[in-house]
Amino acid sequence: MPELPEVDTIRRELEKEIIGKKLKGVKVIKVRRRAKILMIDLANGSSLIFHLKLTGQLLFNSKPGKWSRAIFKFDDGTNLVFNDTRKFGWWKMVKDTSFIEKKFGPEPLDKNFTLKKFEEMLSQKGKSRIKPLLMDQTFIAGIGNIYSDEILFEAGISPLRRVESLKFEEMKKIFKAIKKILKKAIKNRGSSVEYYLDVYGRKGDYVRYHKVYHQKKCFRCGTKIEKIKLGGRSGHFCPKCQI
DNA sequence: CAATCGTCCTGCGGGC
DNA sequence: TGCCCGCAGGACGATT
């Protein structure tokens, strides 16, 4: 559930709170995000990295509860609590994060991720269906089930479409939708569907803008939203607005 | 190469 | 009321 906008919200808030603080005597110098991974860089060259998977939460200066799996204490008495109901998430201290940089596809909001680049990437993936492809972290980083649904609604493209069937204009629509939806979701501090909270324990506001994900009727035309299974995942789309 | 399935784990809601 | 079942969906490895 925490996808790019949620992890980025955590990153942005966390950097305000913990840069300059010390973790076991080592200064925090940077808080970064790559794909859905959050990285806290320390002055000794190591990084504390997290993946929240489905139900992970990182709460600043919070009290540990039933689902707390780790507590990181700073030298000034503040802390960072890692909660994770379903225990899919993980954290580790690593000496080098370059393997993370290489592992994933381009960052969708990076300036280097251009329409031309996207078109080139798509040309290698002819037979793939567009929704699972958008969720493939090695293809493009940070997009999960919620935002792939919302992006394809915005673009007016069915999640079932195969890449080879997309016209250039349709690729352009998807490209624009990726940038637009992710930026707007970041602005609204992400989507709190079930478990997601920001570092202050607040819900993200983007759910109110969801147009297909977990919706019953199409925001635009009122048609019943279709729910499908795609590669074991649920997908939501309007059969009338998304071709 | 693409797609599917099982796996990790827990909570919740539907159906009876 | 209670019990069982299926679903939620990120990522990975094995298999088709």
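Here is the naming used below: chain letters follow the sequence lines, and residue numbers restart at 1 for every chain.
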*Asks:* So which of residues 127-136 of chain A are in contact with DNA chain C, with a heavy-atom cut-off of under 4.0 Å?
*Replies:* A:Met135
*Asks:* Taking CD from A:Glu164 and C1' from B:dC1, how many angstroms apart are they, rounded to a whole number?
*Replies:*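 Computing the A:Glu164:CD to B:dC1:C1' distance gives 12 Å.
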*Asks:* Between A:Phe104 and A:Arg86, which is nearer to the 5' end of DNA chain C once each is assigned its nearest nucleotide?
*Replies:*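 Result: A:Arg86.
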*Asks:* Between A:Phe82 and A:Trp91, does the ring centre distance come in under 6.0 Å?
*Replies:* yes
*Asks:* To the nearest Å, give me how far apart CZ (A:Arg33) and C1' (C:dG10) are.
*Replies:*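 Taking atom C1' of C:dG10 as the reference, CZ of A:Arg33 is at 15 Å.
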*Asks:* Measure the acute angle between the ring planes of A:Phe113 and A:Phe175, then classify it against the limits of 30° and 60° as parallel, tilted or perpendicular.
*Replies:*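 Geometry flag for A:Phe175 against A:Phe113: tilted rings.
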*Asks:* Atom NZ of A:Lys87 to atom P of C:dA11: distance rounded to whole Å?
*Replies:* 21 Å
*Asks:* Identify whether any heavy atom of A:Arg162 sits under 4.0 Å from a base atom; if not, whether one sits that close to sugar-phosphate; answer base, sugar-phosphate or nothing.
*Replies:*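 Sugar-phosphate: the residue A:Arg162, judged by heavy atoms under 4.0 Å, touches backbone atoms but no base.
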*Asks:* Please indicate whether A:Phe219 has more than 12 foreign heavy atoms, meaning atoms of other residues, nucleotides or ligands, lying under 6.0 Å from its CZ.
*Replies:* no
*Asks:* Between A:Met171 and A:Met121, is there shared hydrophobic-cluster membership here, with clusters defined by ILVMFWY side-chain heavy atoms closer than 4.5 Å?
*Replies:*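 In one cluster: yes.
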*Asks:* Nearest whole angstrom, please: distance from the C1' of C:dC12 to the NZ of A:Lys53.
*Replies:*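 From A:Lys53 NZ to C:dC12 C1': 8 Å.
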*Asks:* Please determine if A:Arg220 forms a cation-pi arrangement with A:Phe153, meaning its NZ or CZ atom is less than 6.0 Å from the six-membered ring centre and no more than 45° off the ring axis.
*Replies:* yes
*Asks:* Applying salt bridge (charged side-chain N to carboxylate O under 4.0 Å, His left out), run through A:Lys173 and A:Glu169 and close with a yes or a no.
*Replies:* CA-CA 6 Å; A:Lys173 278 182 187 170; A:Glu169 280 306 309; over 6 Å; no
*Asks:* Distance check: side-chain N/O of A:His51 vs OP1/OP2 of C:dA11, anything under 4.0 Å?
*Replies:*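 For A:His51, the contact criterion (side-chain N or O under 4.0 Å from OP1 or OP2 of C:dA11) is met.
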*Asks:* Let me know the distance between CG of A:Asp84 and P of B:dC9, rounded to the nearest Å.
*Replies:* 12 Å
*Asks:* With a centroid cutoff of 5.5 Å and a plane-angle limit of 30°, would you call A:Phe88 stacked on C:dA11?
*Replies:* no
*Asks:* Within this structure, what is the CD-to-C1' distance between A:Glu3 and C:dA8, rounded to whole angstrom?
*Replies:*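 In whole Å, C:dA8 C1' lies 13 Å from A:Glu3 CD.
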*Asks:* Give, ordered by number, those residues of residues 139-155 of chain A having at least one heavy-atom distance below 4.0 Å to an atom of DNA chain B; if nothing qualifies, reply none.
*Replies:*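 DNA chain B contact set from residues 139-155 of chain A: none.
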*Asks:* Suppose we define a pair by two distances each less than 3.5 Å, Watson-Crick or G-U wobble; what does B:dG11 pair with here?
*Replies:* C:dC7
*Asks:* Between A:Lys36 (NZ) and C:dG10 (P), how many Å, whole number?
*Replies:* 5 Å
*Asks:* In whole Å, what separates the P atom of C:dC7 from that of B:dT4?
*Replies:*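 After rounding to an integer number of Å, I get 16 Å for this pair.
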*Asks:* Is A:Glu164 salt-bridged to A:Lys125, going by a charged N under 4.0 Å from an acidic O?
*Replies:*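 Looking at A:Glu164 and A:Lys125, the cut-off is not met.
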*Asks:* What do you reckon, are the aromatic ring centroids of A:Phe72 and A:Phe50 less than 6.0 Å apart?
*Replies:*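 Yes, they do, as the ring centres are separated by less than 6.0 Å.
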*Asks:* When rounded to the nearest 0.5 angstrom, what distance separates NE2 in A:His51 from CH2 in A:Trp90?
*Replies:*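 Reported to 0.5 Å precision, the distance equals 6.5 Å.
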*Asks:* Taking the P atom in each of B:dG6 and C:dG6, what is the distance between them to the nearest angstrom?
*Replies:* 12 Å
*Asks:* In sequence, state the C-alpha distance, the side-chain angles, and the governing distance for A:Leu80 and A:Leu14, and then conclude on side chain to side chain contact (heavy atoms under 4.5 Å, CB included).
*Replies:* CA-CA 9 Å; A:Leu80 190 59; A:Leu14 214 47; 3.7 Å; yes
*Asks:* Rounded off to whole Å, could you give me the CD-to-C1' distance for the A:Glu194 and C:dA8 pair?
*Replies:* 6 Å
*Asks:* Would you mind checking if A:Glu101 and A:Arg32 are paired as a salt bridge, meaning a charged N to carboxylate O distance below 4.0 Å?
*Replies:*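 A salt bridge links A:Arg32 with A:Glu101.
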*Asks:* Which ones in residues 225-235 of chain A lie close to DNA chain C, meaning a heavy atom under 4.0 Å from one of its atoms?
*Replies:* A:Lys227, A:Lys229, A:Arg233, A:Ser234
*Asks:* Are A:Glu154 and A:Tyr147 close enough that a side-chain donor and a side-chain acceptor fall under 3.5 Å?
*Replies:*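 No donor-acceptor contact under 3.5 Å links the two side chains.
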